[in-house]
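Here is the structure we will look at, set down as structure tokens.
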Amino acid sequence: MPALLWRRLSAYGLTVLLFIMSQVRVRFAPSPTGFFHIGSARTALFNWLYARHTGGTFVLRIEDTDKERNTDEALRVLLEGMRWLGLDWDEGPEAGGDYGPYFQSQRQSIYDEYLKKLVDAGRTYEKDGAIWFKLEGERYTAYDEYLKAEIEKVKAAPVVIDDAVRGRVERAEEKDFVLVRKDGSPVFHFVNVVDDIAMGITHVIRGEDHLSNTSKHVELFNAFGVEPPVFAHIPLILKEEGSGKMSKRDKGALIEEYEERGFLAAAVRNYISLLGWNPKDEREKMDIGEIIDLFDFPGINKGNSRFDEKKLSALNAEYLRELNLESFTFLARPLLNQAGVVAEDEDEDYLQAVLGLCQPKARSLDTMSEMCAYFFQDEYTMDEKTGANISRKADPKVLLAEVLPILETIEPFDADTLKSALEAHAESQGQKVFAYFPALRYSVSGQGGGPDLLPMLAVMGRDRVVSRIQRFIA
RNA sequence: CUCCCGUUCGUCUAGCCCGGUCUAGGACACCUGGUUUUCAUCCAGGCAACAGGGGUUCGAAUCCCCUACGGGAGGCCA
């Protein structure tokens, strides 16, 4: 059958292919917990990418069955995180769609209806007030080492999962499982499958932590007489240090954290797309259109990957450098204001001039405040080590006293003019101009490093430079 | 305890399906040098890996088996 079908399809060429592909329906089904975990974000991203790659539909379904958590706030964090990453959904909260409602808390009647199908088919039974799914197969009782109890087990036929990432996986369920709790609420495995059926989901892309449970899901699909969707179980993201998958407590685990720290969404998105997937060539920095083009199941890895903040930062730095100065300033300003480094009413031109010096060397926006605090504040800490190093060669006060008159009078106060004047002076003293540089930098910034010195002095302006040197000498 | 998945430089990975082109490529990190002040940019160079064992083969990172290790699941959590 498939061979014949394929021949047919090829005959019609691209048109038919596009038609088939447009049938793709994927979903991201988070439960709002109050934070947006990087692993969830990556799952959302892969689903979104696959939908965009195939011209399919990306559904956002909220698994909000846990009423205890602050759902309003938790939902807001989630939706905001999605938007920040640029993951727009075609159906779901605020977007609507023909398969709603998109909140599990509002789908009870659908679950009732589907449960009835299983009851009618004789695939359920009641025990301890809960409704259980009945596996098919020979039954026996055995002691379960994990449950520490004598329980009924079933020799069910193994279920075959044809996973798009892992290939053929076989697994047999051996215990009946609960569909509806004593309190009447349906469990995850049941609602997940029902929703996927009811919403016409064709591809389930999710973390490998669900792989073992997939046999339950396939049992349910079979019981409903529905062909299961294509499963694609993607590898997990492991924590940077130590063992286990990343959890919300680990550094760098939360998407909202990156937003606050001034990371660029495009950089974060690019980085997480590379966790467990790659384009099979040497490209790393890719714009989103390129990623959409290249993204597909064969490029997804099987092995788990470890989160590496350094690599994220390096990518972020690349994106940062591409920004024009206006955008860079726009993004950096709030962080600098927040850090108390830059006053709310600070002059935009001065800020931009300073950031123009710092941008080429910036790795992330959140380190910006310490990098350039001395441009804005006259009280800055003097790095002792640098001070000691400088004094070893010559008395910086003497050197500065020599050049101070030049700085006080030179016109205009710009990098080129400063350069020639300082060079001329150095020559007259039988010195190289660089002999003066460390003392100059140290006196006006307290640092041993920073942006190019002369442009830096020019940006700071005569008044600031002169008074700082005077204070240093005194 | 059982089951499932995985394992290439410190890290992300290419190569594996279709065995020779692999003295295993790239990137991040790190180290060195340069960019004739600094340095966080930039440039050049360097360090560094096929988990172990057995088999198949003229030949294995690539195929098969075993072991080890890592991860996940087994809940009236999702």
Phosphate OP1/OP2 of C3(B): any Ser215(A) side-chain N/O under 4.0 Å: no
Listed nucleotide nearest any side-chain atom of Glu282(A), set G71(B), G75(B), G26(B): G26(B)
Sugar-phosphate only, base, or nothing, as touched by Lys432(A) at under 4.0 Å among non-hydrogen atoms: nothing
Sugar-phosphate, base or nothing in reach of Lys127(A), heavy atoms under 4.0 Å: base
Short N-O contact, Glu173(A) and Arg171(A), less than 4.0 angstrom: yes
Touch class at under 4.0 angstrom, heavy-atom based, for His233(A) against every strand present: nothing
Arg61(A)/Asp196(A) ion pair, N-O < 4.0 Å: yes
Assigned partner base of C3(B), Watson-Crick or wobble definition, under 3.5 Å: G72(B)
Gap in Å between the two C1' atoms, one belonging to A44(B) and one to A51(B), rounded: 35 Å
Whole-Å distance separating the CG atom of Asp195(A) from the P atom of A78(B): 13 Å
Lys NZ or Arg CZ of Lys311(A) over Tyr271(A) ring: under 6.0 Å, within 45°: no
Sugar-phosphate only, base, or nothing, as touched by Gly244(A) at under 4.0 Å among non-hydrogen atoms: sugar-phosphate
C18(B): pairing nucleotide in any strand, Watson-Crick or G-U under 3.5 angstrom: none
Any Lys216(A) side-chain nitrogen or oxygen under 4.0 Å from OP1 or OP2 of G75(B): no
Lys116(A) atom NZ, over 12 foreign heavy atoms within 6.0 Å: no
G10(B) versus G19(B) - spacing of their C1' atoms, nearest Å: 30 Å
Cation-pi geometry met for Arg468(A) and Phe472(A) (6.0 Å, 45°): no
P gap between U35(B) and A24(B), integer Å: 33 Å
Salt bridge flag under 4.0 Å for residues Arg283(A) and Asp281(A): yes
Which residue lies more 5' along RNA chain B, comparing Phe307(A) with Lys302(A) via nearest heavy atoms: Lys302(A)
Side chain of His210(A) (C-beta onward), nearest among G72(B), C5(B), A78(B): A78(B)
For atom CZ of Phe190(A) and atom C1' of G75(B), their distance in whole Å: 18 Å
Out of G15(B), U37(B), G72(B), whichever nucleotide has its closest atom nearest the side chain of Lys280(A): G15(B)
Nucleotide A73(B), atom P - distance to CD of Glu174(A) in whole Å: 17 Å
A61(B) - base-pair partner by Watson-Crick or wobble geometry, distances under 3.5 Å: none
Touch class at under 4.0 angstrom, heavy-atom based, for Lys182(A) against every strand present: base
Atom-to-atom span, CZ of Arg171(A) to C1' of G74(B) - whole angstrom: 6 Å
Pairing of Lys175(A) and Asp144(A) as salt bridge, 4.0 angstrom limit: yes
Short side-chain N/O contact from Asn301(A) to OP1 or OP2 of U13(B), under 4.0 Å: yes
Watson-Crick or G-U counterpart of G45(B), or none if no pair lies under 3.5 Å: C31(B)
Nearest to side-chain heavy atoms of Asp128(A), which nucleotide of C76(B), G71(B), C28(B): C76(B)
Closest nucleotide among C76(B), C12(B), A73(B) to the Arg181(A) side chain: C76(B)
For U37(B), the Watson-Crick or wobble counterpart (both distances under 3.5 Å): none
Whole-angstrom distance between C16(B) and U56(B), as gauged at atom P: 25 Å
Separation between the C1' atoms of C4(B) and U57(B), rounded to whole Å: 32 Å
Salt-bridge criterion met for Asp176(A) and Arg139(A) (N-O under 4.0 Å): yes
Short side-chain N/O contact to C17(B) OP1/OP2 from Arg166(A), under 4.0 Å: no
Quiz item: Ser212(A) side-chain donor-acceptor pair to G74(B) base, under 3.5 Å: no
Under 4.0 angstrom between Ser243(A) side-chain N/O and G71(B) OP1 or OP2: yes
Carboxylate-amine/guanidinium contact Arg166(A) Glu208(A), below 4.0 Å: yes
Touch class at under 4.0 angstrom, heavy-atom based, for Lys175(A) against every strand present: sugar-phosphate
Side chain to side chain donor-acceptor pair (under 3.5 Å), paired with Asn192(A), selected from Gln104(A), Lys216(A), Glu63(A), His210(A): Glu63(A)
Toward the 5' end of RNA chain B, by each residue's nearest nucleotide, Arg306(A) or Phe434(A): Arg306(A)
Mate of A51(B) where both pairing distances stay under 3.5 Å, Watson-Crick or G-U: U67(B)
Distance, rounded to the nearest Å, where Arg168(A) contributes CZ and C4(B) contributes P: 13 Å
N/O donor-acceptor pair, side chain Lys311(A) with base A27(B), under 3.5 angstrom: yes
Between C66(B) and G25(B) - C1' atom distance, rounded Å: 31 Å
Whole-Å distance separating the CG atom of Leu236(A) from the P atom of U11(B): 17 Å
Spacing of Ile161(A) atom CD1 relative to C3(B) atom P, expressed in whole Å: 16 Å
Nearest-nucleotide pick for Lys245(A), side chain only, options being U37(B), A73(B), G6(B): A73(B)
Geometric class of the Phe28(A)/Phe36(A) ring pair [parallel <30°, tilted 30-60°, perpendicular >60°]: tilted
Parallel, tilted or perpendicular: rings of Phe434(A) and Phe437(A) (30°, 60°): perpendicular
Minimum-distance nucleotide (side-chain atoms of Ala314(A) versus C4(B), G71(B), A29(B)): A29(B)
Sugar-phosphate, base or nothing in reach of Leu147(A), heavy atoms under 4.0 Å: sugar-phosphate
Sugar-phosphate only, base, or nothing, as touched by Gly276(A) at under 4.0 Å among non-hydrogen atoms: sugar-phosphate
Sequence-aligned protein contact record of nucleotides 38-48 of chain B, with B where the base is within under 4.0 Å of a protein heavy atom and S where only the sugar-phosphate is: BBBSS------
Touch class at under 4.0 angstrom, heavy-atom based, for Glu170(A) against every strand present: sugar-phosphate
For A24(B), the Watson-Crick or wobble partner whose two distances fall under 3.5 Å: none
Protein-nucleotide distance (Lys310(A), atom NZ; C31(B), atom C1'), rounded to Å: 14 Å
Rounded P spacing from A49(B) to U8(B) in Å: 14 Å
Polar side-chain contact Asn213(A)-A78(B) base: donor and acceptor under 3.5 Å: yes
